[in-house]
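All values below come from the heavy atoms of this structure, side chains included, with hydrogens, waters and symmetry mates left out.
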Protein chains: 2
Amino acid sequence: MTDKRYENAMNRLKENNVRITPQRQIILKYMIETDEHPSVETIFHILEKTFPNLSMATVYNNLRLFKKLNLIIEMPSVDGGYRYDFYDHPHFHATCDNCNKIIDVDDPEFPEIDKHLQEAASKDGFKPTVTSVEVHGICKECQEKEAK
Amino acid sequence: MTDKRYENAMNRLKENNVRITPQRQIILKYMIETDEHPSVETIFHILEKTFPNLSMATVYNNLRLFKKLNLIIEMPSVDGGYRYDFYDHPHFHATCDNCNKIIDVDDPEFPEIDKHLQEAASKDGFKPTVTSVEVHGICKECQEKEAK
DNA sequence: ATACTTGCAAAGTTTTTGCATTACA
DNA sequence: TGTAATGCAAAAACTTTGCAAGTAT
């Protein structure tokens, strides 16, 4: 269903009078396809291969743009900088504080929880847009390594 | 109850064989007392007043340490860098994407939700420590400003 | 046609590091 | 006393900006 998600993303750009450029297309396509939660640098280095004169600044600019349009979410990584995730359905993350891996958690109850959290945050006239949940901890692999 | 929280924090340091230095004391005290969710720079500039030769590196080092000891949590701020929060009881944040203000949300159901989220994240042997929840959006004041 | 976007390089920020000095335990 | 922590300054890393050239609509 990559196509549907991609089309929706393109529509979101159009709705907001944002021009559709090849750079924006490949960045969004990559963000939809990957489940790596990549950093800016990773995105740049991967896309650079097929788009040699892509610039880092363009990646930065567009990630910021996509974030503003609620197409992607940004999360801080313990190793500095941020990681990005195409966010088309409510889910949250388990992030390993040791190896910095980010794992998607698909919890059937999450949409409901999300709703509750946004309602709770709406006190005092606050108007919610996106909820970001990170469960920090240590992944299985790192626990096993530590055991040694 | 600042004293109790401070004592607990000191004990956490001792338990981990971390030396108690004046720098660590004032940083923790400040983190307990403030409800500002300060940035590294704010922390540094405030404490520098009463502790003139405090160094930025020390603030960085200790915030990282406190984070590792789960005394504080770190959250990315839209204006770049991070904001820090002494985290002694489960709560979450509403963060304004316009003015970057961070508001504590004390939801009576949050401890339960927190528990649920950690359980959901525990699939595949992941071992959770701290849950971080940010509801992004626009605060009342910024909505009013935008209306004009 | 014309405004928005890009790419490049340079500037600006933020964060980390190395090392001599200091001070907890 | 011995080791960990600090402070300083320099280095590294990260992110933004200015502007000429290119391009989507």
Name all residues meeting the salt bridge (Lys or Arg N to Asp or Glu O under 4.0 Å) criterion together with B:E74; count only those two or more places apart in sequence or in a different chain, and write none if there are none. B:K67
Need two values: the first and the last nucleotide of DNA chain D, 5' to 3', having an atom under 4.0 Å from any heavy-atom of chain B. D:dG2 to D:dC8
Would you jot down, in residue-number order, the residues of residues 50-68 of chain A having a non-hydrogen atom under 4.0 Å from DNA chain D? A:A57, A:Y60, A:N61, A:R64
By salt bridge (Lys or Arg N to Asp or Glu O under 4.0 Å) - contacts of B:D88 (at least two apart): B:R5
Within residues 13-27 of chain B, which residues have any heavy atom lying less than 4.0 Å from an atom of DNA chain C? B:R19, B:I20, B:P22
For chain A and DNA chain C, what are the first and last nucleotides along the strand, 5' to 3', with at least one atom under 4.0 angstrom from a heavy atom of the protein chain? C:dA3 to C:dC8
Grouping ILVMFWY residues whenever side-chain heavy atoms fall under 4.5 Å, the cluster of B:I102 otherwise contains B:M75
List for me each residue that meets salt bridge (Lys or Arg N to Asp or Glu O under 4.0 Å) alongside A:E141, sequence neighbours excluded, and say none if there are none. A:K101
Holding to side chain to side chain contact (heavy atoms under 4.5 Å, CB included), I want the full list of residues that pass it with A:P76, two or more places apart in sequence or in another chain. A:Y82, B:P76, B:Y82
Please report how far the helix from C:dA1-D:dT25 to C:dA25-D:dT1 bends, comparing the axis fitted to its first five pairs with the axis fitted to its last five, to the nearest 10 degrees. 50°
For A:R83, all residues meeting salt bridge (Lys or Arg N to Asp or Glu O under 4.0 Å), sequence neighbours excluded: A:D79
Note: with side-chain heavy atoms under 4.5 Å as the link, the other cluster members for A:V135 come out as A:I73, A:Y87, A:F92, A:I103, A:V105, A:F110, A:I113, A:L117, A:F126, A:V130, A:V133, B:I73, B:Y87, B:F92, B:I103, B:V105, B:F110, B:I113, B:L117, B:F126, B:V130, B:V133, B:V135
